[in-house]
Amino acid sequence: MRDEELSATLLAWYGRHGRDLPWRVGPAARLAGARPDPYAVWLSEVMLQQTTVAAVRDYFRRFTALWPDVHALAAAEDGAVMGEWAGLGYYARARNLLKCARVVSAELGGRFPDTVEGLRALPGIGPYTAAAVAAIAFDRPATVVDGNVERVMSRLFLVETPLPQAKGPLTELAGRLTPPVHPGDHAQAVMDLGATICTPRNPACGICPWRDPCAARAAGVQADLPRKAPKKAKPVRHGIIWVARRDDGAWFLERRPETGLLGGMLGWPGSDWVEGAPPADPMPPLSAGWQDTGEEVRHTFTHFHLRLRLWIAQVGPQAGCAGDGGADELQSGRGFVPAGAFRPSDLPTLMRKAFDLARPRLTDD
DNA sequence: AAAACGGGGCA
DNA sequence: TGCCCAGTTTT
């Protein structure tokens, strides 16, 4: 089948089965010539980096409700944005999101660049997001390559070279299929196909618009593609985490450094995380009647497993009287945050797990 | 070129 | 458990 036929077949399928998503323009509006808001496209695409649609949906709605345009987001407090991002992961995305919004707002008059090169120069926008925004928001014939596209192309054209080696050839194949008209719809169509039909396991070839031309299907190896280079095993790291609550209910929290793991996020003080045995003589963050709960907070990151021994303390009213403030006021360093100013939803998942384990053991009387 | 960087859903 | 996901940045 020719490339033009493949694109046409896919676009017809997309017209019938494309998903209705909060950041998409509905079919009726699209027929009337409406284009999606570049701000909404950019925001959704950043959220969708290494993240599933199901996880993104509600975050996208909350962000656009709080910050309807790029100027509003640019004017937001860092802590407010990090708090709303909590639980979505890859927190460097949120920091770069803010940086990018502030550049677009202050230096570009609130208008996103309409070319791949212009977009690519902004913080947090790499090859994928630049192509996605250019194609979807500005109708540029950019080739969008994500995990879905790689999988679909590897199957359609029976590419047996393992990733990441195959990245180049797969991008080249995807580029040949990119049509000059409606490239944004085409890009979303390939990704929708990968997300709903051409899935990693048990692809639904029976209802696939590319069932007939699919070379991997003909060879019966579709479920084995794309091949991937073997990955390293995850080591286990150990450490201690300290959760303290004052008698007036305030929590002892810290704002993590901008760079590194969970950068810029709210959390509980802790020891270093080391491979092998837990730290022998940990130094608590403040002097108090610390108590070993015997419980462990378990969490897995991209490249290691983590086990943190949970210590808790109930401390007197005199502790840390100076400088008390809300979580947003906790710009950096550590301090007591009044219960009324602390939202557990501002915590990344690891810290939330520790909180859920500690809370029933600490009173606010 | 390789490593760092989350979290949840699924088999 | 291990694998996967609408990747980008840093080293």
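The structure displayed is predicted, hence computed values, not measured ones.
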Nearest whole Å is fine: how far is B/dC5 P from A/Leu350 CG? 13 Å

Smallest separation among heavy atoms of A/Ala86 and A/Leu347, with atom names: CB-O, 3.5 Å

Rounding to an integer number of angstrom, what distance separates C/dT9 and B/dG8 when you compare their P atoms? 24 Å

Base, sugar-phosphate or nothing for A/Lys167? Non-hydrogen atoms, less than 4.0 Å. nothing

Rounding to a whole Å, what distance do you find between A/Met47:CE and B/dG8:P? 15 Å

Looking across every strand, which nucleic acid part, if any, lies under 4.0 Å from A/Gly263 by heavy atom: base, sugar-phosphate, or nothing? nothing

Atom-to-atom span, CG of A/Asp224 to C1' of B/dA11 - whole angstrom: 15 Å

Please give the distance between the P atoms of C/dA6 and B/dA3 as a whole number of Å. 24 Å

Main-chain N/O of A/Gly276 paired with A/His238 side-chain donor or acceptor, under 3.5 Å: yes

Phosphate-side-chain proximity, A/His303 and B/dC5, N/O vs OP1/OP2 below 4.0 Å: yes

Taking atom types as modelled, find out whether A/Asn96 and A/Arg93 have a side-chain donor-acceptor pair closer than 3.5 angstrom. no

Within the 4.0 Å limit for protein heavy atoms, which parts of nucleotides 3-11 of chain C are touched? Write it as a string from 5' to 3', B for base, S for sugar-phosphate only, - for none. -SBBBSS--

B/dC5 C1' sits how many Å from A/His299 NE2, rounded? 11 Å

Round to the nearest Å and state the distance from A/Phe301 atom CZ to C/dG2 atom P. 17 Å

Taking only heavy atoms on the protein side, list every residue of residues 61-69 of chain A lying under 4.0 Å from any atom of DNA chain B, sorted numerically. none

Quick one: do A/Arg155 and A/Asp224 make a salt bridge, cutoff under 4.0 Å? no

Nearest 0.5 Å please: distance from the OG atom of A/Ser154 over to the CG atom of A/Leu173. 10.0 Å

On a whole-Å scale, what distance lies between the C1' atoms belonging to B/dG9 and C/dT8? 23 Å

